[in-house]
There are 2 protein chains.
Amino acid sequence: MAAWRRLVAVVELLPGVLDGQLRRDAQLTHFDYHVLAVLSEAPHRVLRMTDLAARTNATLPRLSHVVRRLEERGLVERAPCPSDGRATNARLTEAGWAKVRETAPGHVATVREHVVDALTQEQVTQLAGIADALLRRLDPDGRLTGALDRAGPG
Amino acid sequence: MAAWRRLVAVVELLPGVLDGQLRRDAQLTHFDYHVLAVLSEAPHRVLRMTDLAARTNATLPRLSHVVRRLEERGLVERAPCPSDGRATNARLTEAGWAKVRETAPGHVATVREHVVDALTQEQVTQLAGIADALLRRLDPDGRLTGALDRAGPG
DNA sequence: CCAGATCACTTGTACCTACAAGTGAGGACT
DNA sequence: AGTCCTCACTTGTAGGTACAAGTGATCTGG
């Protein structure tokens with residue numbers, strides 16, 4: 001079978017595995033977890049909704065709903081941005097920060113089990129290069145990979 | 001950044017690209033398309049719901065809803081299985097077969113553009129091996145890759 | 001300083017998927 | 001035959017996402 005059909009199959013299956021583990025172990029969608037994780041790595045654990053949406057590949061309506069639900073669970077807080085009255089800042093609460101810390105190991109272990117351990121060391125290296133090349137097409141601005149921080153013109 | 005985080009990013013982005021193209025050009029979910037495509041490759045373009053579910057990584061309720069909607073659009077037909085009164089056979093109609101033929105080229109072109117063309121020939125070869133290794137973990141029975149046909153005990 | 005355009009969200013509606021419960025056919029055991 | 005159990009779906013309900021419309025705040029031109 002062609003390489004791309006196998007890749008499509010992987011892309012079909014892997015999200016279900018990751019999502020399932022997080023739902024079972026942390027009552028969190030994979031996307032919920034991603035939101036919390038990105039916030040946890042931001043300075044002061046605060047980001048504007050627009051920035052958070054860009055870094056998580058979410059539309060603004062989607063992020064708005066998700067953050068509202070996370071806020072109802074006490075994992076995130078929203079506050080109007082002091083410098084721009086239109087903007088909203090999302091901040092990870094202590095409970096949210098604790099949630100990330102207790103959830104991350106299991107998530108990483110799942111990825112390790114289903115991805116890293118399935119490959120040889122050489123394949124992992126190859127995968128890094130392949131995923132890198134794909135991301136240059138799928139995510140030219142590097143929004144998901146943190147390239148935003150060090151992005152410059154040209 | 002670690003290889004696995006890039007892979008997760010790819011897995012996050014690629015479905016959206018594939019789904020979007022099919023929704024725009026054919027008013028079809030990527031999963032809808034997958035269902036039609038699998039049916040189109042089956043003998044007589046007929047499969048039992050259970051088999052179809054296994055080959056598309058779907059739960060039976062999900063498939064039931066999807067096939068009902070495809071039937072309402074005239075792309076698929078359902079009929080009770082003659083040999084087993086409990087089972088239902090899903091058959092691709094002429095309209096469904098035409099839909100697959102007119103949709104496939106655009107879909108393949110999208111995959112080519114975003115995946116194959118982004119990689120070197122060597123990377124495509126490497127990808128085949130990597131995806132193969134991952135599928136042995138994610139899909140041990142080879143349900144999605146057609147290994148069912150030639151599967152035997154032990 | 002005031003009207004219009006733009007921006008940053010939020011809210012509402014429709015669709016899709018997951019989980020749970022229900023229906024009816026087929027097989028096992030007596 | 002009759003009962004119990006399992007199988008193969010179908011249906012109903014809840015939750016998440018997409019698209020469209022609405023609400024204020026900010027910028028721009030006069």
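Labels below follow one simple rule: chain letters A, B, ... track the order of the sequence lines, proteins then strands, and each chain is numbered from 1.
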Choosing from D:dC9, D:dT26, D:dT17, which nucleotide comes nearest the side chain of B:L60?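 Nearest listed nucleotide: D:dC9.
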Looking only at the side chain of A:M49 (C-beta and beyond, no hydrogens), which of the listed nucleotides D:dA18, C:dG26, C:dC9 gets closest?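 Selected nucleotide: C:dC9.
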Just the rounded figure in Å: distance from [atom2] of [N] to [atom1] of [X].
{"X": "A:R24", "N": "C:dA18", "atom1": "CZ", "atom2": "P", "answer": "14 Å"}
{"X": "B:H30", "N": "C:dC16", "atom1": "NE2", "atom2": "P", "answer": "16 Å"}
{"X": "B:R68", "N": "C:dT17", "atom1": "CZ", "atom2": "C1'", "answer": "12 Å"}
{"X": "A:Y33", "N": "D:dG16", "atom1": "OH", "atom2": "P", "answer": "19 Å"}
{"X": "A:Q27", "N": "C:dA18", "atom1": "CD", "atom2": "C1'", "answer": "16 Å"}
{"X": "B:L63", "N": "C:dT17", "atom1": "CG", "atom2": "P", "answer": "11 Å"}
{"X": "A:H34", "N": "D:dG16", "atom1": "NE2", "atom2": "P", "answer": "18 Å"}
{"X": "B:E12", "N": "D:dG16", "atom1": "CD", "atom2": "C1'", "answer": "14 Å"}

A:V66-B:V8 co-clustered via ILVMFWY side chain contacts under 4.5 Å: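 No, A:V66 does not connect to B:V8 through the hydrophobic network.
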Taking B:V115 as the fixed residue, which of A:L138, A:I130, A:L134 is the one that meets the side chain to side chain contact (heavy atoms under 4.5 Å, CB included) rule?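 Exactly one pass, corresponding to A:L134.
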Between B:F31 and A:A87, which residue's closest nucleotide on DNA chain C lies nearer the 5′ terminus?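 Looking at DNA chain C, the more 5' nearest nucleotide goes with A:A87.
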Does the base of D:dG15 carry an N or O that pairs as donor and acceptor with the side chain of A:H65 under 3.5 Å?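 No pair found.
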With a 4.0 Å cutoff (strictly under), does any side-chain N or O of [X] reach OP1 or OP2 of [N]?
{"X": "B:S64", "N": "D:dT11", "answer": "no"}
{"X": "B:R23", "N": "D:dA18", "answer": "no"}
{"X": "A:R86", "N": "C:dC7", "answer": "no"}
{"X": "A:R69", "N": "D:dT17", "answer": "yes"}
{"X": "A:R48", "N": "C:dC7", "answer": "no"}
{"X": "B:T88", "N": "D:dT10", "answer": "yes"}

Quick one about B:N57 and B:R143 (side-chain donor to acceptor, distance below 3.5 Å, no hydrogens or angles considered), yes or no?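 The answer is yes; a qualifying pair exists.
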Residues A:E41 and B:R5 bridged, charged N to O under 4.0 Å: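 Yes, this pair counts.
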Whether B:H107 and B:H30 hold their rings parallel, tilted or perpendicular, with breakpoints at 30° and 60°: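 Ring orientation, 0 to 90° scale: tilted.
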